[in-house]
Engineer: 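The structure is given below, and queries will be raised subsequently.
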Amino acid sequence: MNSRNAEELARAASSFDFILNTTNANLDWNTYIAALKPKGRLHTVGAVPEPIALAAFPMILGQKSLSGSPLGSPSTTDRMLQFSCRHGIAPTTEFFPMSRVNEALDHLRSGKARYRIVLINDLG
């Protein structure tokens with residue numbers, strides 16, 4: 001599912017137990033709440049620039065919640081990585097050689113990066 005596609009996200013209504021937001025962008029938060037199953041949780045570790053505005057009624061009816069936290073302790077991070085390995089969850093990254101750092105930054109600034117850019121030291 002492409003979370004940037006409003007139609008795909010709408011088709012995912014009531015599909016997820018948990019959604020983890022790692023972005024630092026303003027999103028259509030009510031659409032993400034709608035994608036949660038009853039008692040689902042939207043959790044953010046991204047520093048969103050504006051207050052998160054949510055309609056209370058869908059949250060109350062579905063007993064859904066919004067939470068946030070910093071990344072966590074080393075043991076929490078270790079448990080998260082172990083969980084990710086067990087379930088085949090991997091980050092979506094784009095790699096650029098260090099010699100193309102300006103291109104990588106332009107790609108990031110234009111909003112085309114999905115989701116992390118990694119610079120690789122290409123010194124021989």
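The model shown is predicted, which means the values in this text are computed figures rather than measured ones.
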Engineer: Whether the side chain of Lys64 engages the backbone of Leu36 through a donor-acceptor N/O pair (distance < 3.5 Å, no angle test) should be reported.
Structural biologist: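 The answer is yes, because a donor-acceptor pair under 3.5 Å joins these two groups.
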Engineer: Show your reasoning for whether side chain to side chain contact (heavy atoms under 4.5 Å, CB included) applies to Leu66 and Arg41.
Structural biologist: CA-CA 6 Å; Leu66 169 68; Arg41 177 183 301 240; over 6 Å; no
Engineer: Between the side chain of Asn30 and the main-chain N/O of Ala55, is any donor-acceptor distance below 3.5 Å?
Structural biologist: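 Checked: pair present.
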Engineer: Does Val45 share a hydrophobic cluster with Phe18, counting links as ILVMFWY side-chain heavy atoms below 4.5 Å and allowing steps through other members?
Structural biologist: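 Same cluster.
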Engineer: Does atom CD of Glu7 have more than 12 heavy-atom neighbours, drawn from other residues, nucleotides or ligands, at distances under 6.0 Å?
Structural biologist: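 Result for CD/Glu7: open.
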Engineer: Rounded to the nearest 0.5 Å, what separates atom CZ in Arg109 from atom CG in Asp106?
Structural biologist: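 Answer rounded to 0.5 Å: 6.0 Å.
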Engineer: Answer yes if the side chains of Thr92 and Arg116 hold a donor-acceptor pair under 3.5 Å, and no otherwise.
Structural biologist: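 No pair is found: no donor N or O on one side chain lies under 3.5 Å from an acceptor on the other.
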Engineer: Are any non-hydrogen side-chain atoms of Ile120 and Met98 less than 4.5 angstrom apart?
Structural biologist: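 Sidechains of Met98 and Ile120: no contact.
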Engineer: Within the 4.5 Å heavy-atom criterion, are Asn21 and Val48 side-chain neighbours or not?
Structural biologist: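 Counting from C-beta outward, Asn21 and Val48 do come under 4.5 Å.
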Engineer: Using 0.5 Å steps for rounding, measure from the OG atom of Ser65 to the NE2 atom of His43.
Structural biologist: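 Interatomic distance, Ser65 OG to His43 NE2, rounded to 0.5 Å: 10.0 Å.
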Engineer: Give, for atom OG of Ser84 and atom CZ of Arg79, the distance between the pair rounded to the nearest 0.5 Å.
Structural biologist: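 One gets 12.5 Å once the value is rounded to the nearest 0.5 Å.
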Engineer: Tell me every residue that passes side-chain hydrogen bond (donor to acceptor under 3.5 Å, both in side chains) with Thr93, counting only those two or more places apart in sequence or in another chain.
Structural biologist: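 Thr93 satisfies side-chain hydrogen bond (donor to acceptor under 3.5 Å, both in side chains) with no other residue.
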Engineer: Within the structure provided, determine whether Glu94 and Val118 are in side-chain contact (heavy-atom separation under 4.5 Å).
Structural biologist: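 No. Closest side-chain heavy atoms not under 4.5 Å.
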Engineer: Which atom names give the shortest non-hydrogen contact between Tyr32 and Ile19, and what distance separates them?
Structural biologist: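 Heavy-atom minimum between the residues: O-CD1, 3.5 Å.
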Engineer: What is the distance from atom CD of Gln82 to atom NE2 of His87, rounded to the nearest 0.5 Å?
Structural biologist: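 Going from the CD atom of Gln82 to the NE2 atom of His87 covers 11.0 Å.
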Engineer: Please report the shortest heavy-atom distance between Ala12 and Ser15, naming the atom on each side.
Structural biologist: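 Shortest heavy-atom separation between Ala12 and Ser15 comes out as O-OG, 2.6 Å.
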Engineer: Run the numbers on Phe96 and Ile117 for side chain to side chain contact (heavy atoms under 4.5 Å, CB included), then give the verdict.
Structural biologist: CA-CA 7 Å; Phe96 286 82; Ile117 289 181; 3.7 Å; yes
Engineer: If you take all heavy atoms of Pro97 and Leu119, which pair is closest and at what distance?
Structural biologist: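 Looks like O-CD2, 4.4 Å.
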Engineer: With heavy-atom distances below 4.5 Å as the criterion, would you say the side chains of Asn26 and Pro49 are in contact?
Structural biologist: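 Answer yes - side chains close enough.
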Engineer: Can you tell me how far the CG atom of Leu42 sits from the CG atom of Leu20, to the nearest 0.5 Å?
Structural biologist: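 Going from the CG atom of Leu42 to the CG atom of Leu20 covers 9.0 Å.
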